[in-house]
Undergrad: 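One structure, as structure tokens, below. Some questions next.
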Amino acid sequence: MDGVELSRWQFAITAIFHMTFPALTVGLSVLLAVVYTAYVRTGSPLYLQIFRFWKKIFAVGFGLGVVAGTVMTFEFGLNWGTYAHAVGPVIGVTIGMEVITAFFLEAGFIGLMLYGDGRIRPRTMALASWMVAFGTLLSTTWILSANSWMQDPVGYRKVDGQFHAEDWIDILFNPAFAHRFPHMLLAVLISAAWFVGGISAWYLVKNRVHALPMARRCLSIALGVLGVLMPIQLYVGDGTAVFMGQHQLPKLEAFEGNWKSDNNGYNLLVVPDTDKGENRFQVEIPYLGSVIAQDLSGETTTPGLLQTPPDERPNMWTTFYGFRAMYFTALLMFATAFAGVVLRMRRRLFDSPRFLRWMVWMTPAGIIAITGGWIVAETGRQPWVVYGQLRTADAVSHLSTAEVVATLAGFVLLYVALLAIWARYIVRTVKAGPEALPTGPASPGVSEALVA
């Protein structure tokens, strides 16, 4: 591989490592704000127990996510210097706004949320929790705005090879953002719900007596969230795919797995030969592609990648299987959530060992779906880093292969170690379980005169 491919691999690994944490912490921050507010309103110690338990997992994931995100920012200038110079007047401002708004908001209140329990007034704790949650949502908004502009650049003019803003409203709220932001926001909330639901189900399967009340309540909350959000997500995701087909047709051609535009079926499995422009092997369901396109006659065909010039084709391998990982996992999540809601309504949820064991296996489902979706979005955009305007090969810094190999190897080793430590921490925290149900006043030992 040359320097371009190595730099792409390095950024991809960094991005996947980084996204693992926001995929959980954005939703967990909302959960923490909701349950602590419920504690303040009801005085129920169960909500305080839930808050204290999930706060531990949130804190470590949040810290690792911030560190990994900072590394990505440095890579913009180090590995992608030409890109940074070209889009700096646009992307630099967007990322700067994330720092000024989201990061400062999180930094200002996260200390109160993590260490204020029992030291400051409960209402102040609730406010701090909501501010941290709002900060994570703001961060998601700015990052999706910047990435969506790269997918569908508008509102700019080019001056000496640089992108300069002409209309900031068009740039920040570009057409792709209107589809991709709600899709990603729902994804991170759903991912956290599966994480919470899976761990709660584990307590029920293992019959950890001291954790059963918390596990039942958390599993009910998770399934309630999933029951509402999963149908909405499938609808929003379909709209995002339609928009993408209109604005990035090669991506659609690649994730459908077709080379020729004569297939009305749906490909389950393909083995593409990119040199010959054909599939060596494929498994398809006849007419299903036409049905998905809302044509029951079976006459509608999906476009093939051969109608795109060879130098503008994305990699079919990564785009096709990234989409399948996202889409099939989403269908599995929808079916599981539906079954869980039915069991809950029939009051059989906590007495269904097979379903609970399946919920444990579904714990990482949201992260898998988000990772697959990101692979589709980014590899399907190739060979462009700013779609239709700046090619990836022209955006990379002039680094030697040895330099990129050395840093890539270092990042891989570091991230594997950090993931192992993080996973071990989660396992130890879950095995230890929640603290005993708190008793006594909301903030023991705190004077009412104390104000944060």
Side-chain angles (χ1 to χ4, degrees), residues 1 5 8-9 12-13 16 19 183 187 190-191 194 230 233-235 237-245 248-308 310 312-339 358 361-383:
M1 292 187 289
E5 290 300 312
R8 286 183 61 198
W9 271 102
I13 291 170
I16 290 174
M19 282 194 310
H183 189 44
I190 288 169
S191 178
W194 282 111
M230 282 304 307
Q233 177 69 312
L234 292 179
Y235 174 78
D238 180 69
T240 304
V242 171
F243 173 85
M244 182 186 58
Q248 293 183 355
L249 184 59
K251 184 185 293 185
L252 176 67
E253 296 166 350
F255 80 58
E256 288 294 346
N258 295 316
W259 292 96
K260 298 180 180 180
S261 303
D262 59 358
N263 185 12
N264 62 0
Y266 183 81
N267 292 325
L268 295 175
L269 176 70
V270 299
V271 180
D273 187 329
T274 55
D275 294 330
K276 294 182 179 180
E278 62 183 22
N279 290 328
R280 300 174 186 172
F281 176 78
Q282 70 182 54
V283 177
E284 69 174 81
I285 301 177
Y287 303 109
L288 182 58
S290 180
V291 172
I292 293 175
Q294 301 179 3
D295 179 12
L296 299 181
S297 68
E299 298 179 356
T300 298
T301 59
T302 52
L305 199 54
L306 287 179
Q307 71 181 43
T308 298
E312 296 183 8
R313 294 174 188 169
N315 185 291
M316 184 181 285
W317 280 97
T318 55
T319 310
F320 180 86
Y321 285 105
F323 181 80
R324 294 304 179 279
M326 175 188 68
Y327 185 62
F328 290 149
T329 303
L331 293 180
L332 195 60
M333 289 191 291
F334 177 81
T336 303
F338 179 78
W358 177 246
W361 282 102
M362 289 291 289
T363 301
I367 297 176
I368 294 171
I370 288 176
T371 302
W374 179 84
I375 291 173
V376 174
E378 300 307 307
T379 64
R381 182 182 60 195
Q382 299 301 317

Undergrad: Do Ile375 and Met326 touch side chain to side chain, with heavy atoms closer than 4.5 Å?
TA: no
Undergrad: Would you say the side-chain atoms of Asn279 pair up with the backbone N or O of Gly257, donor to acceptor, closer than 3.5 Å?
TA: yes
Undergrad: With side chains defined as the heavy atoms from C-beta onward, is the minimum distance between Trp259 and Glu253 less than 4.5 Å?
TA: no
Undergrad: Is the shortest side-chain heavy-atom distance between Leu269 and Tyr321 below 4.5 Å?
TA: yes
Undergrad: Are side-chain heavy atoms of Gln307 and Leu249 found at a separation under 4.5 Å?
TA: yes
Undergrad: Is there a side-chain contact between Trp317 and Val271 in this structure, where contact means two heavy atoms from C-beta onward sitting under 4.5 Å apart?
TA: yes
Undergrad: Heavy atoms, side chains only, cut-off 4.5 Å: are Thr379 and Asn315 in contact?
TA: no
Undergrad: Just checking Phe328: does its CZ atom have more than 12 heavy atoms from other residues, nucleotides or ligands closer to it than 6.0 angstrom?
TA: yes
Undergrad: State, yes or no, whether a side-chain contact exists between Glu378 and Thr318 at a heavy-atom distance under 4.5 Å.
TA: no
Undergrad: Can you find a heavy atom in the side chain of Met362 that is under 4.5 Å from one in the side chain of Leu332?
TA: yes
Undergrad: Counting only N and O atoms by type, is there a donor-acceptor contact under 3.5 Å from the side chain of Arg313 to the main-chain atoms of Thr308?
TA: yes
Undergrad: Around Trp358, counting heavy atoms of other residues, nucleotides and ligands shown, do more than 12 lie under 6.0 Å from its CH2?
TA: no
